[in-house]
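Atom set for the values below is all heavy atoms of this structure, side chains included, hydrogens, waters and symmetry mates excluded.
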Amino acid sequence: MVDRPTFSKSIASLNLSHADRAIALLWYYRQTQEFEERTAFDLANDLHDEDFPKPNVTRLHDDLTRSRLTIKGRRSGSFQIDLRRLSELEQIYGPFLKIKKVKVQDLVVPDEWVKGTRVYLERLTHQINVANRMLKGQQQLPPLPPGYKDWAYVIMAFARPLKTEITALRRKLNKISKLVS
């Protein structure tokens, strides 16, 4: 994973508008889990810190409000990336982060259960499924640092009860929905 200055240098070659650069930084922050949301003022300062010309904050706020790639954040005047557009942004900016993602099948916790929620939950689910496959010998991974297998056992110790609780909750919800309908 690259840091913000390296990512900023990469997007500088794309000839983007101020609003598009701000959206790229919002996407970067979501992927790196630095921030969930930022205001136009924060993004303008971040762009200026990375040696881009400082955009007019009012215009940037208006552009982000009109953009189909952003939604309002929880704080007043803040913005987040619209989850429906995440894959679109992933295709554009994903190569600049240089993340190696191992493809796995969801054996322990299905990805759909946490998709579109918090980024850390999505990554935890991915790690749980990779750890499960690795422990079963089904996943060929690159050489791992010492102690990684120990962590895989720890993750799996927490994942199995979590899967049991989620499955029980789903069964209860299905029974309730049958009673209601």
Side-chain angles (χ1 to χ4, degrees), residues 1-106 109-131 133-134 139 141-145 148 151 155:
M1 172 130 5
V2 299
D3 56 356
R4 189 177 82 181
T6 307
F7 180 76
S8 297
K9 286 178 187 171
S10 300
I11 64 170
S13 65
L14 296 179
N15 195 19
L16 302 172
S17 68
H18 290 308
D20 291 335
R21 284 189 207 118
I23 290 169
L25 278 183
L26 270 175
W27 177 84
Y28 171 81
Y29 290 142
R30 185 186 193 290
Q31 297 300 77
T32 59
Q33 299 178 6
E34 282 186 50
F35 301 104
E36 286 186 32
E37 57 190 24
R38 298 290 273 169
T39 63
F41 178 78
D42 295 335
L43 290 167
N45 287 334
D46 294 345
L47 288 169
H48 187 68
D49 290 346
E50 297 304 329
D51 298 328
F52 289 110
K54 187 170 183 175
N56 180 304
V57 176
T58 305
R59 283 190 196 134
L60 183 60
H61 183 274
D62 292 344
D63 290 343
L64 291 173
T65 303
R66 284 191 299 264
S67 175
R68 62 184 174 77
L69 300 172
T70 60
I71 59 172
K72 289 183 179 181
R74 291 180 193 94
R75 294 183 299 141
S76 175
S78 65
F79 297 93
Q80 294 178 338
I81 294 295
D82 186 349
L83 292 177
R84 297 171 292 184
R85 308 289 186 207
L86 204 54
S87 60
E88 181 181 333
L89 293 171
E90 178 74 33
Q91 290 176 350
I92 298 169
Y93 304 119
F96 299 125
L97 280 188
K98 300 175 185 170
I99 296 175
K100 292 182 182 178
K101 189 157 184 171
V102 179
K103 284 206 156 223
V104 296
Q105 295 174 340
D106 25 327
V109 181
D111 290 332
E112 296 84 40
W113 291 3
V114 294
K115 190 163 187 90
T117 59
R118 305 265 186 203
V119 178
Y120 72 90
L121 289 176
E122 293 174 4
R123 291 195 178 149
L124 179 63
T125 301
H126 180 75
Q127 290 172 357
I128 287 169
N129 291 329
V130 168
R133 289 186 61 102
M134 188 185 84
Q139 185 75 38
L141 297 173
L144 301 169
Y148 185 86
W151 278 108
I155 290 172

Does a side-chain heavy-atom distance below 4.5 Å link W27 with L86?
yes

Which atom of F79 lies closest to which atom of T70, heavy atoms considered:
CD2-OG1, 4.2 Å

K9 atom NZ, neighbour heavy-atom count above 12 within 6.0 Å:
no

I'd like to check Y29 versus L43 (side-chain heavy atoms, cut-off strictly below 4.5 Å). Are they in contact?
yes

Separation of L26 CG from L64 CG (nearest 0.5 Å)
6.5 Å

Ion pair present between E36 and R74, side-chain N to carboxylate O less than 4.0 angstrom?
yes

Minimum-distance pair of heavy atoms, taken over all atoms of S67 and I23
OG-CD1, 3.3 Å

Would you say the side-chain atoms of Y93 pair up with the backbone N or O of Y28, donor to acceptor, closer than 3.5 Å?
no

To the nearest 0.5 Å, how far apart are OG1 in T6 and CD1 in I11?
11.5 Å

side-chain contact (heavy atoms from CB on, under 4.5 Å) between T32 and R4, intermediate numbers included:
CA-CA 9 Å; T32 59; R4 189 177 82 181; over 6 Å; no

Tell me which donor-acceptor pairs under 3.5 Å the side chains of residues 12-19 have, and how far apart each pair is, sequence neighbours excluded?
residue, atom, partner, partner atom, Å
S13, OG, S10, O, 2.7
S17, OG, D20, N, 3.2
S17, OG, D20, OD2, 3.2
H18, ND1, R21, NH1, 3.3

To the nearest 0.5 angstrom, please state how far the CG atom of D42 sits from the CG atom of D49.
10.5 Å

Could you tell me which residues satisfy side-chain hydrogen bond (donor to acceptor under 3.5 Å, both in side chains) with S8, sequence neighbours excluded, listed by chain and number?
none

Measure across R68 and D82 and return the closest heavy-atom pair with its distance rounded to 0.1 Å.
O-OD2, 3.7 Å

Under 3.5 Å donor-acceptor pairs involving side-chain atoms of residues 55-62, not counting sequence neighbours:
residue, atom, partner, partner atom, Å
N56, OD1, T58, N, 2.9
N56, OD1, R59, N, 3.1

So among K54, R38, E50, which one has a side chain to side chain donor-acceptor pair (under 3.5 Å) with N45?
K54

How long is the gap from CD1 on I71 to CZ on R84, to the nearest 0.5 Å?
7.5 Å

